[in-house]
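Have a look at the structure below before the remarks.
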Amino acid sequence: MPLTCLLQLLTITFVLYIPIDMSILQENISLKSFNTFGVPAHSDYFAEVFSETDLQELLRMPIVKQLPLLVLGGGSNVLFTKDFNGLVIKVSIPGISAVVEQDDVTVTAGAGVVWNDLVKYCVGSGFAGLENLSLIPGTVGASPIQNIGAYGVELKDVFESCTAYEIATGDERTFSFDDCKFAYRDSIFKNELKGQYIIAKVSFKLNTKASINTQYGAIQAELTKRGILDPTIADVSEIVSDIRVSKLPDPSTIGNAGSFFKNPLIDDIQFEPLLAKFSDLVHYPAPNQKVKLAAGWLIEQCGFKGIVAGHTGTWKNQALVLVNYGNATGKEVFDFSDRIINEVYSRFGVMLEREVNIV
Ligand code: FAD
Ligand code: EPU
């Protein structure tokens, strides 16, 4: 075929496809209001999906298959250090349903449900299991990605399964508990399957007979202070929410993404000499003969707590939380996090790993 004919054919194909595909794709979108750090960034394309059908159709569009993809929920665990040259898919699939069988409850929620709305629904319905995870920002769909955790409970303790769509094919797949390979702030979705699936809904196994988890010191202390001897799940939810508000900055006023680093897990060989040198080292037992160190303590010891460095810095009540004090860029926050990593390493020989997803 002559080149001119081929070009004509390609142009016709392009004209036929693009208007259909582009109709749900927005172009050159600011991501500032889509990340809780509140840093500036743009994406070439942006699409919001409200149903599993929308999501599957989007993934099967020819133009979408050619673009780098980034999935966003509430944007509360990402740091944009540059613009995203591809398509951001914001997952806003709604809906909560519950199946009660005697004491057992299976609750299923759409990936776009705000996490704390799910917690409030469950606490209000008397379904126990999520109360210690009250007030964690973000969406249900992101909760398995880093196996969210707080105050003695992790998502894995209540996870039943999730439904996800493969980015390459648009095919649906159900992931069981075992499939997800959950660990501390970790899952298969951050490793082998990183960037390969979009979670559309998650099911949780809860219980109407509350087995309250108050092992976390701060919860115990607050129960004693409030004179509560026989706590309900609503009490635990309220206490956890109050502790969180007292420690963590509210992203609607001070940009942040919660803990910027993971608490490091080290083995005995590294731990013993460290404890001998720093007798007040804050640490906890962890699975697989590891010891978990409090990254906040390590950072505070290096003199970083509450400091302001240009437009960024750490939070006054929690050195593990990096903040945007106004007009910070993601690059500035990232460079500051490098400074912290270097300082902590040279003082303690411990390498901090970022918890926040860097884009
Ligand atoms: P996003 O930030 O939008 O995305 C996070 C990651 O998940 C990205 O890699 C994204 O691509 C991916 N992703 C998002 N949705 C999907 C989906 N549907 N399918 C596939 N991939 C997806 N975390 C804790 O674990 N414990 C805490 O106590 C805690 N406290 C916090 C306190 C504050 C003030 C803040 C700002 C954050 C805190 N976080 C905490 C971190 C954050 O809330 C969680 O990581 C949360 O699960 C992120 O949800 P999100 O919807 O905002 O995800
Ligand atoms: N500490 C300090 N200085 C600080 C902060 C902490 O010395 O500035 C020491 C204190 O001894 C304190 C201990 O560290 O008792 C633990 O601090 P905290 O209870 O605040 O918990 P954390 O280990 O800093 C972790 C999670 C949080 C989660 C809380 C409560 C990680 C990376 N962070 O923080 O999760 O809410 O426990 O369970 O595991 C998040 O992931 O974004 C997050 C906020």
Side-chain angles (χ1 to χ4, degrees), residues 31 34-38 49 55 69-80 88-93 110-116 132-155 162-165 167 184-185 187 189-190 193-202 216-219 240 243-252 254-265 280-284 292-301 304-306 314-323 352-359:
L31 299 172
F34 294 108
N35 74 95
T36 62
F37 252 119
V49 290
L55 176 58
L69 295 192
L70 174 69
V71 188
L72 265 193
S76 65
N77 208 23
V78 288
L79 177 68
F80 289 104
V88 167
I89 300 180
K90 178 161 168 56
V91 183
S92 298
I93 300 170
V113 171
V114 170
W115 176 261
N116 199 46
N132 294 52
L133 302 175
S134 295
L135 219 61
I136 295 181
T139 57
V140 166
S143 63
I145 305 294
Q146 73 157 4
N147 177 29
I148 58 168
Y151 297 95
V153 172
E154 288 184 338
L155 177 93
C162 67
T163 301
Y165 288 84
I167 288 175
Y184 166 63
R185 294 296 190 271
S187 75
F189 303 109
K190 290 186 81 174
L193 298 184
K194 190 175 164 64
Q196 292 186 38
Y197 281 88
I198 300 184
I199 295 173
K201 63 182 179 225
V202 184
Y216 208 88
I219 300 182
V240 166
I243 298 170
R244 294 182 67 93
V245 168
S246 73
K247 280 193 179 177
L248 299 168
D250 176 358
S252 65
I254 303 265
N256 77 92
S259 301
F260 197 88
F261 304 100
K262 294 183 191 179
N263 284 326
L265 294 166
D280 49 350
L281 183 73
V282 180
H283 63 280
Y284 318 92
K292 191 188 269 185
L293 303 181
W297 184 87
L298 299 171
I299 297 169
E300 181 172 351
Q301 296 304 304
F304 280 113
K305 189 170 184 170
T314 53
W315 185 235
K316 58 182 187 313
N317 300 333
Q318 229 309 356
L320 190 47
V321 178
L322 270 58
V323 296
L352 291 181
E353 189 189 331
R354 293 179 182 89
E355 187 214 85
V356 169
N357 299 280
I358 309 297
V359 180

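Counting convention: from 1, in listed order, for ligands and their atoms alike. Numbering starts at 1 and runs along the sequence shown. Computed from heavy atoms alone, side chains included, the values below leave out hydrogens, waters and symmetry copies. Quick caveat: nothing in here was measured; it's all calculated off a predicted structure.
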Within the 4.0 Å heavy-atom sphere of ligand 2, strictly under, residues: A150, Y151, Y184, R185, Y216, R244, K247, G258, S259, F261, K262, N263, V282, Y284, A294, G296, W297, E300, K305, Q318, A319, L320, E355

Which segment of I145 sits under 4.0 Å of ligand 1 when only heavy atoms are counted: side chain

Closest approach of any protein heavy atom to atom 50 (P) of ligand 1, naming residue and atom: G74 N, 3.4 Å

The one among A142, G149, G255 that brings a heavy atom closest to atom 49 (O) of ligand 1: A142

Ligand 1 to S143 polar contact by distance, N or O atoms, under 3.5 Å: no

Donor-acceptor contact below 3.5 Å, side chain N147 vs main chain S187: no

Nearest heavy-atom neighbours spanning I198 and V91: CG2-CG2, 3.8 Å

Residue and atom name of the nearest protein heavy atom (relative to atom 2 (O) of ligand 1), distance in Å to one decimal: N77 N, 2.7 Å

Closest heavy-atom pair and its distance - I199, A111: O-CB, 3.2 Å

Shortest reach to atom 39 (N) of ligand 1 by a heavy atom, considering only I136, V359, V202: I136

Contact partition for N35 relative to ligand 1, non-hydrogen atoms under 4.0 Å: neither

Polar atom proximity, N256 to ligand 1 (N or O, under 3.5 Å): no

Polar contact flag for P137 and ligand 1 (N/O pairs, less than 3.5 Å): yes

Nearest non-hydrogen partners of A150 and L133, listed with the distance: N-CD2, 3.5 Å

Ligand 1 to I199 polar contact by distance, N or O atoms, under 3.5 Å: yes

S76 and ligand 1 - part of the residue with a heavy-atom distance under 4.0 Å: both

pair N256-L248: side-chain heavy atoms closer than 4.5 Å: no

Heavy-atom donor-acceptor pair, W315 side chain to K247 backbone, under 3.5 Å: yes

Heavy-atom donor-acceptor pair, K262 side chain to R354 backbone, under 3.5 Å: no

Ligand 1 N/O within reach of G75 N/O, cut-off under 3.5 Å: yes

E154 to ligand 1, any heavy atom closer than 4.0 Å: no

Student check: side-chain heavy atoms of L298 and F261 closer than 4.5 Å: no

Least distance between heavy atoms, G149 atom then I136 atom: O-CD1, 4.2 Å

Main-chain N/O of A142 paired with W115 side-chain donor or acceptor, under 3.5 Å: no

Under 3.5 Å: donor-acceptor pair, side chain of N317, backbone of S246: yes

R244 near ligand 1 by a heavy-atom separation under 4.0 Å: yes

Side chain to side chain contact (heavy atoms under 4.5 Å, CB included) between V359 and L31, worked out: CA-CA 12 Å; V359 180; L31 299 172; over 6 Å; no

Close approach, Y197 and ligand 1, non-hydrogen under 4.0 angstrom: yes

Flag, side chain of Q318 to backbone of L320, donor-acceptor distance under 3.5 Å: yes

Y184 side chain vs N263 backbone, donor-acceptor pair below 3.5 Å: yes

N or O contact, G73 vs ligand 1, cut-off under 3.5 Å: yes

Atom 45 (O) of ligand 1 [closest protein heavy-atom partner, distance rounded to 0.1 Å]: Q146 NE2, 2.9 Å

Nitrogen or oxygen atoms of T139 and ligand 1 under 3.5 Å apart: yes

Flag, side chain of T314 to backbone of F304, donor-acceptor distance under 3.5 Å: yes

Nitrogen or oxygen atoms of V71 and ligand 1 under 3.5 Å apart: yes

Location of contacts on N357 toward ligand 1, heavy atoms closer than 4.0 Å: side chain

